[in-house]
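Heads up: the structure comes next, in structure tokens.
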There are 2 protein chains.
Amino acid sequence: MERRAYIPQETARRLSLYLRMLRRLRQEKVRIVSSDQIRRFLNVSSVQFRKDLSYFGEFGKRGVGYDVELLAKEIGKILGTDVLHEIILVGVGRLGSALLEYPGFLEFNLKISEAFDRNTRKVGKVCGGVRIRHMRALRQVIKKRNLRIAVLSVPVEFAQEVAEELVSCGIKAILNFAPVNLVLEGDVFVSNADMASELESLVYKLKQKNNNYSLTKKRSIVI
Amino acid sequence: MERRAYIPQETARRLSLYLRMLRRLRQEKVRIVSSDQIRRFLNVSSVQFRKDLSYFGEFGKRGVGYDVELLAKEIGKILGTDVLHEIILVGVGRLGSALLEYPGFLEFNLKISEAFDRNTRKVGKVCGGVRIRHMRALRQVIKKRNLRIAVLSVPVEFAQEVAEELVSCGIKAILNFAPVNLVLEGDVFVSNADMASELESLVYKLKQKNNNYSLTKKRSIVI
DNA sequence: ACGTGTGAACCGATTCACAGCA
DNA sequence: TGCTGTGAATCGGTTCACACGT
């Protein structure tokens, strides 16, 4: 039973995919699953799956596989989805309101329980079951409810300043949808959901495959 | 001047961040930039930046830095943003309509030029300057306009079947917003914009910091 | 035989250390 | 001196090869 001082970042990221998969299998009344079946559903090799789990313990039965119910519960505990996590959302534009109604967060026991916008016309309205508050209330609500995690969906030109404010209010993790790299002091985790850059990467890959832009072909450009 | 048979995937991904940064600097009339300044704006070490560029050529002046205008142009050429790429979007729900109005794609010369939904009430309406068509027209439009890239924002339970249809119509790259791993035949690139999983990873990291297992020692706190 | 668990080998990507040039 | 460019060393993560338990 290997146990390390640290866990590969990528392993942590994949655990959530495993959990989602297992929950679906459980819904379909599947009781036992092997690492090779996981490989077919997700794009993760069976060894990868087993290795990932090995950092936390031994959850399978040799010669048999994994108990879906049990493993889901274990991964849930590891990830912390056994506890409800309350999130705030800042910026209720098109994207923000889509996120407020997005059902996918619930799978991980995540709930956007507060939403903020500086547009007074939006304040007071309810979206995705959440009443929108004015930005003025931000600090007080975060402090009072001791919130740690924020989704940032304000226009790009305000992202940096709002992010700084969030950090000053005690927010420790930000999922940033604005297409800009936030530069922040202190021990705050930032994850960028950069849709345009993601799409651009796809275009680039396609370009490589198609016109086989040879990288050995030297196009030396001198200023 | 090093030139390899292929480019690290991560390098390709970062190029789009560089380009966006350079465009902003250009807007602000900055003419020259050094790799160390880049490090401050993006969370990429200066060596990383130089190394990334070195796969494509020598674009800087030693002792000076990089010509913003010129470098932006070169990276644009590498990425293919010098040409307009037309994209389709399938599934005009909350998220889909937010994406149709999302301005960030234009930075990379990407344009959602067709949108599809199977809800006849939505068909014919205009969103983000695009008239929504019925799914029936999917094949014909893709073939006729020779489109290659799709954004998939249908509900999770339809994602797999719609993705298969897209591939059968000739789509070669899919940006998938549904929280499911698409299993597809053929040479199609899939990129998952998995917002819930992303948020879950943040929660996990936060949990680690507070105690239990620790993640790998990180170069920086940005993911 | 079958499927899990894991140290060791391997691979891609990052960082180091320094050469090269203005 | 200042900043770019890059082979070599290193690091994180994946895969191999096989031991182990049922």
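Sequence lines set the chain letters: A, B, ... in the order given, protein chains first and strands last, and positions in each chain run from 1. Bear in mind the structure is a predicted one, so any value in this text is a computation, not a measurement.
Evaluation of the side chain to side chain contact (heavy atoms under 4.5 Å, CB included) rule for B:Pro103 yields no partner, not counting sequence neighbours.
Between B:Leu89 and B:Ser153, the shortest heavy-atom contact is CD2-OG, 3.7 Å. Taking each heavy atom of A:Arg13 and B:Ser197 in turn, the nearest pair found is O-OG, 4.2 Å. When all heavy atoms of A:Ser168 and A:Lys143 are compared, the pair lying nearest together is O-NZ, 4.2 Å.
Between the C1' atom of D:dG2 and the OH atom of B:Tyr66 lies a distance of 13 Å, rounded to the nearest Å. The nearest whole Å value for the distance from the CZ atom in A:Phe49 to the P atom in C:dT6 is 14 Å. Atom pair A:Leu71:CG and C:dG3:C1' shows a separation of 14 Å (rounding to whole Å applied). In this structure, B:Asp52 atom CG and D:dT6 atom P are separated by 13 Å, rounded to whole Å. We find that CZ of B:Arg40 is positioned 9 Å from P of D:dC3, with the value rounded to whole Å. Rounded to an integer number of Å, the gap from CD1 of A:Ile7 to P of D:dG12 is 14 Å. One can place CD of B:Glu74 at 12 Å from P of D:dG5, the figure rounded to the nearest angstrom. When the P atom of D:dT6 is taken as reference, atom CZ of B:Phe56 falls 13 Å away, rounded to whole Å.
For the pair B:Lys77 and B:Asp82, the salt-bridge criterion is not met [side-chain N within less than 4.0 Å of a carboxylate O].
Within a heavy-atom distance below 4.0 Å of DNA chain D, the residues of residues 26-39 of chain B found are B:Ser34, B:Ser35.
Between the side chains of B:Gln48 and B:Arg39, no donor-acceptor pair of N or O atoms lies under 3.5 Å.
Distance from the side chain of A:Glu58 is smallest to C:dG5 among C:dA13, C:dG5, D:dT14.
Residues A:Asn109 and A:Val83 have side chains not in contact (no heavy-atom distance under 4.5 Å, counting atoms from C-beta outward).
Just one of A:Tyr55, A:Tyr66, A:Phe59 meets the ring pair (Phe, Tyr, Trp, His ring centres under 6.0 Å) condition when paired with A:Phe49; it is A:Tyr66.
If you check every strand for non-hydrogen atoms under 4.0 Å, B:Arg14 touches sugar and phosphate atoms only.
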Output one line per pair: protein atom, nucleotide atom from nucleotides 15-20 of chain D, and distance, for all N/O pairs under 3.5 Å.
from: D:dC20; atom 1: O2; to: A:Arg62; atom 2: NH1; distance (Å): 2.7

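Remark: aromatic rings of A:Phe105 and A:Tyr102 are close, center separation under 6.0 Å.
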